[in-house]
Amino acid sequence: MSEAVAAAMPELRAWIGRSRVVAEEITLPAVRRIAGMLDLDPDSFGPGSALPPHWFSLFFADVARQSEIGPDGHPRRGAFLPPIPLPRRMGAGRRTRIHGALQVGDAATKTIEVAAIEPKQARTGQIVVLTMRQTISARGMILAVDEFDAVYREAVPPGAQSASTPPVPAPDGAAWSDAVLLDPVLVFRYSAVTWNSHRIHYDADYARDAEGYPATVQNGGLTMHLIVDAALKRAPGPLLGFTARLRRPLFVGQTVTLAGAAPVGGRMAAWAAAPDGTLAAEMELEFGA
C-alpha cells in the first residue's frame, strides 16, 4: 500500500456507512430524451408508462456546482465521494437486483451508501476500490438495489500509456451477437442524460495527455446498458438482476460486438468484445419465468 493511501485509510474508513438521499421526479421530457438517445420512439412513452427496469441508472445524477468540479470533470473528492488520494477514477462493475420498474411521473429516491473502501495492489499498480450501494424507491416500494464499484488509480507519468489488464479472448460460440458503433454522438448524449462530465469521455487531449489513453474512452455505464439492452431482446422472462465486470477499456469510434450465450435455467452470460476480439466486459443476467 502506498504511503498516501495508508495515511488516508483511517479517514476513508470513517466514510463507510455514510448515506445520503437523492430525489428525482421521473418526468416525461427526460424519459423521451433517454428514449431518443437509445434509438427508441420517444412518443411510445406517456404519463404512467413503466420504464425498462434497468433505466434507474439513467436518473438521480449528482448535481455538483461548477466550483466543486475537479480537473478530471468529476465532482471534487470529499463533496459527494470519499477523498481517496488517487487521481484517476473508472467504473469497474456492478451487482444489481431488480424488484420493480420506475414509471413516468414517479417521485422517486435513490439512497446512496458508502458500502466499502478497499485498497489493493493490482497488476497496474496501487488501486482503491470504492463500492457504493444504491437503493431505488418509488410508490412506497424498493425497485432496485445496485452495488457499483469504482476503481481509483495512480496518475500516469507524462508521456506514458495507461496500464491495463492483460487481454483475454472473448468467449467462443455465441448464440447471438450485435455489432454496435460507439458513436461519439451516442456517448455524448449518454453523458448528457446521466450528467457525467468525466473528461476522458469527450476530451481527446485530456484522455491522451493526462490519463494516457489512445483516444476518448467509452463510458462503462453505457457499455453495461447496451449489453443489457441486447440481452433483453433474447430474454426468456422478466429481468431479475445482473452482475457485470468491466475488463478493459473500449474507445469512442470503435465498433464492438455485444454477444451472449443461450439462456440456461433462467440465466444468460453476455459480453462485449473489442474489435480485436478481446473481452472488454462480461455480464451474467438472471430472468424470471
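Numbering starts at 1 and runs along the sequence shown.
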Cluster link V256 to V187, ILVMFWY, side chain under 4.5 Å: yes
Would you mind listing every side chain to side chain donor-acceptor pair (under 3.5 Å) that reaches into [range], with sequence neighbours excluded?
{"range": "residues 35-51", "value": "none"}
{"range": "residues 274-287", "value": "R97-E286, R247-E282, R267-E284, D276-T278"}
{"range": "residues 152-163", "value": "R88-S162, R89-Y152"}
{"range": "residues 168-181", "value": "D178-R234"}

Residues forming a salt bridge (Lys or Arg N to Asp or Glu O under 4.0 Å) with R189, sequence neighbours excluded: none
Salt bridge (Lys or Arg N to Asp or Glu O under 4.0 Å) partners for E25, two or more places apart: none
Partners passing ring-ring contact (aromatic ring centres under 6.0 Å, His included) against H198 (at least two apart in sequence or in another chain): H74, H201
Y206: ring-ring contact (aromatic ring centres under 6.0 Å, His included) partners, not counting sequence neighbours: none
Test log, rule ring pair (Phe, Tyr, Trp, His ring centres under 6.0 Å), inputs F45 and W55: CA-CA 13 Å; F45 294 89; W55 279 26; 5.5 Å; yes
Salt bridge (charged side-chain N to carboxylate O under 4.0 Å, His left out) partners of residues 125-139, not counting sequence neighbours, each pair once: D106-R139, E113-R133, R133-E147
Selection residues 194-204 - residue pairs positive for salt bridge (charged side-chain N to carboxylate O under 4.0 Å, His left out), sequence neighbours left out: R199-D203
Residues in side-chain hydrogen bond (donor to acceptor under 3.5 Å, both in side chains) contact with T257, at least two apart in sequence or another chain: none
Show which side-chain atoms of residues 235-243 pair as donor or acceptor with protein atoms under 3.5 Å away, not counting sequence neighbours.
none

Donor-acceptor contact below 3.5 Å, side chain T216 vs main chain Y202: no
